[in-house]
Amino acid sequence: VIVRRDRSRDPPRPVPGAPRGASRASPGAVTTGAAACTDRRRSADREPLTCKIVVSTGPGRGYARVVVSSARAARVREPAGNLPVDVTSFVGRRHEITRTKRLLAESRLVTLTGQGGVGKTRLALRVASGMRRSFRDKAWCVGLEELRDGSLLPEAVIEQLNLGGPAGGSDVDTVVEHLKHREMLLVLDNCEHVIEDVALLVDAVVRWCPGVRVLATSRQSLGVAGESTMVVPPLQVPDIEHLPPPEAYEQFASVRLFVDRAKAAVPEFEVDADNATALMRLCYHLDGNPLAIELAAVRLRSLSPQQLEERLSERYELLTEGRRGAPPRQQTLRALIDWSYELASDQDRLAWARVSVFSGSFDLEAAEHVVADGLSGGDVLGAMHSLVDKSVLLREEAGGEVRFRLPHTLREYGKEKLVAFGEHEEVRQRHRAWFADLVDRFAADWLGDAQVAWVHRLRQDQDNLRLALHTATASPKTAGSA
């Protein structure tokens, strides 16, 4: 409590708390006194109060400040939330941060999906850190990367949230009992390998804990009622066919990230006209994937950007030096993709391997022809949907048509699996046959009303047409017709 009064013209008076006979202090002086204020009528369970009186005077002013404290107020308050602190700089993602916050304002469950290493966790923690003051109980994160048994999920949540109280047990109902009166943002990180159990838990929390909003990260959506999903895209990369001038590299978030991590690994590293183009090409071939870029940047300790680009065909052997303390699947590029492959069904694995023969994007009709051996059209459609949901395939839509794209790194991985299945040559020939038939149809129909549509379609399939031509000319059986 602060009481102010103009005492410049008041006569000298005793100072409260000072020995008897003491007069008011001279202007500018500060006098302190302390007394134990004990209410004799208080009950045994009430705590004693300590009063500290500070009197300060000066020309034209005077005030007394009384500070009241108790043992309860003196206790150290436990920190609200458990979000980890960033240890490296955060690059880009301004649009994604804004969009995620908007989704959380509209929905109580938002799931960030995307391919492995794309930065879902960093984005979720960045958003949570920026929004935690909006929640009475702040923001809390539960990491699930080390959880192998989904039945232990409630126990992991209770442990990492430091939940206590009279409610006992370690099932979903116990978690709901703990959270039903809280107002908080709950981040569930790396849900894909225990997704069924996470979905059951989140469904109960969303239904019965109105003050809790959930932000999940997973390589596929949870499939829970009321869920909003946002695909976290790779960082922006340059157009390999139209690279900008070297000095314009900073307009691409992927290149900025590479440079930032390169300077952390090699402090004297500088971007110049000689290496800027190589850096832009590197980020393009790494698909703008933040983890792959970070793994590559470390290699600048022993290779120049130009040498690194030349050796990128050996990416699985080259990108193997992850951060100490990172989950095992993020230590190497191969381990990262192995994790996605292991979570896929047998049908999805086969489809992944077979679509690796495409170059660039492709449509569903082409996929049904190339992938369908032994699979029905419905199976192929289901596999395409599943691979998109698991963040293996990228979905692109333009002009009312959906096309799919397999990132370079996942494409190389799929090719390895296709060779292991013993189907590489057979599927390549199905790919060649499909696009040879497409060219035949174009030759028959292009003089007419559909000419513009045909030109547009062939432009979209230009990469696949080149690959099909290469396949045809490489085989004596088809070289003559190519």
Is the side chain of [X] donor-acceptor paired with the backbone N or O of [Y] at a distance under 3.5 Å, no angle test?
X    : Y    : answer
R213 : L104 : yes
Q307 : L303 : no
S254 : G288 : no
R411 : F358 : yes
R93  : V232 : no
R148 : E145 : yes
W352 : K417 : no
R349 : A344 : yes
T473 : L469 : yes
Q251 : A248 : yes

Pair [X]-[Y], side-chain donor/acceptor within less than 3.5 Å:
X    : Y    : answer
N275 : Q306 : no
D260 : S89  : yes
Q429 : R432 : yes
E365 : W434 : no

Over 12 foreign heavy atoms within 6.0 Å of [atom1], [X]:
X    : atom1 : result
Q451 : CD    : yes
R441 : CZ    : yes
E159 : CD    : no
W208 : CH2   : no
D449 : CG    : no

Step-by-step side-chain contact (heavy atoms from CB on, under 4.5 Å) determination, L458 to L438: CA-CA 9 Å; L458 292 183; L438 181 68; 4.2 Å; yes
Working to the nearest 0.5 Å, report the span between [atom1] of [X] and [atom2] of [Y].
X    : Y    : atom1 : atom2 : result
W339 : H193 : CH2   : NE2   : 4.5 Å
F435 : D463 : CZ    : CG    : 10.0 Å
H470 : L465 : NE2   : CG    : 14.5 Å
S361 : Q462 : OG    : CD    : 11.0 Å
N82  : R132 : CG    : CZ    : 10.5 Å
L112 : T121 : CG    : OG1   : 9.0 Å

If you take all heavy atoms of [X] and [Y], which pair is closest and at what distance?
X    : Y    : value
V172 : P154 : N-CG, 3.9 Å
L222 : C191 : CD2-CB, 4.3 Å
T277 : P246 : OG1-CG, 4.2 Å
S221 : T111 : CA-CG2, 4.4 Å
R261 : A297 : CB-CB, 3.8 Å
V176 : V205 : CG2-N, 4.4 Å

So, are [X] and [Y] salt-bridged, with charged N and O less than 4.0 Å apart?
X    : Y    : value
K120 : D189 : no
R334 : E416 : yes
E294 : R122 : no
R428 : E425 : yes
E397 : R395 : yes
R219 : D389 : no
E396 : R403 : no

Among E426, H431, E423, side-chain hydrogen bond (donor to acceptor under 3.5 Å, both in side chains) partner for R354: E423
Steps toward side-chain contact (heavy atoms from CB on, under 4.5 Å) verdict (L215, L185): CA-CA 7 Å; L215 178 59; L185 176 59; 4.3 Å; yes
Could you check if a side-chain atom of [X] sits within less than 4.5 angstrom of a side-chain atom of [Y], using non-hydrogen atoms only?
X    : Y    : result
M131 : K101 : yes
L364 : L381 : yes
V214 : R108 : no

Derivation of the side chain to side chain donor-acceptor pair (under 3.5 Å) call for D338 and Y413: CA-CA 9 Å; D338 283 341; Y413 187 92; 2.6 Å; yes
Lys/Arg cation over aromatic Y249: R256, 6.0 Å, 45° cone: no
Ring geometry between F362 and F404 (parallel below 30°, tilted from 30 to 60°, perpendicular above 60°): tilted
Steps toward side-chain contact (heavy atoms from CB on, under 4.5 Å) verdict (D287, V118): CA-CA 10 Å; D287 303 307; V118 81; over 6 Å; no
By ring-ring contact (aromatic ring centres under 6.0 Å, His included) - contacts of H424 (at least two apart):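 ring-ring contact (aromatic ring centres under 6.0 Å, His included) list for H424, sorted by chain: empty.
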Test log, rule side-chain contact (heavy atoms from CB on, under 4.5 Å), inputs V271 and L279: CA-CA 9 Å; V271 181; L279 289 177; 4.0 Å; yes
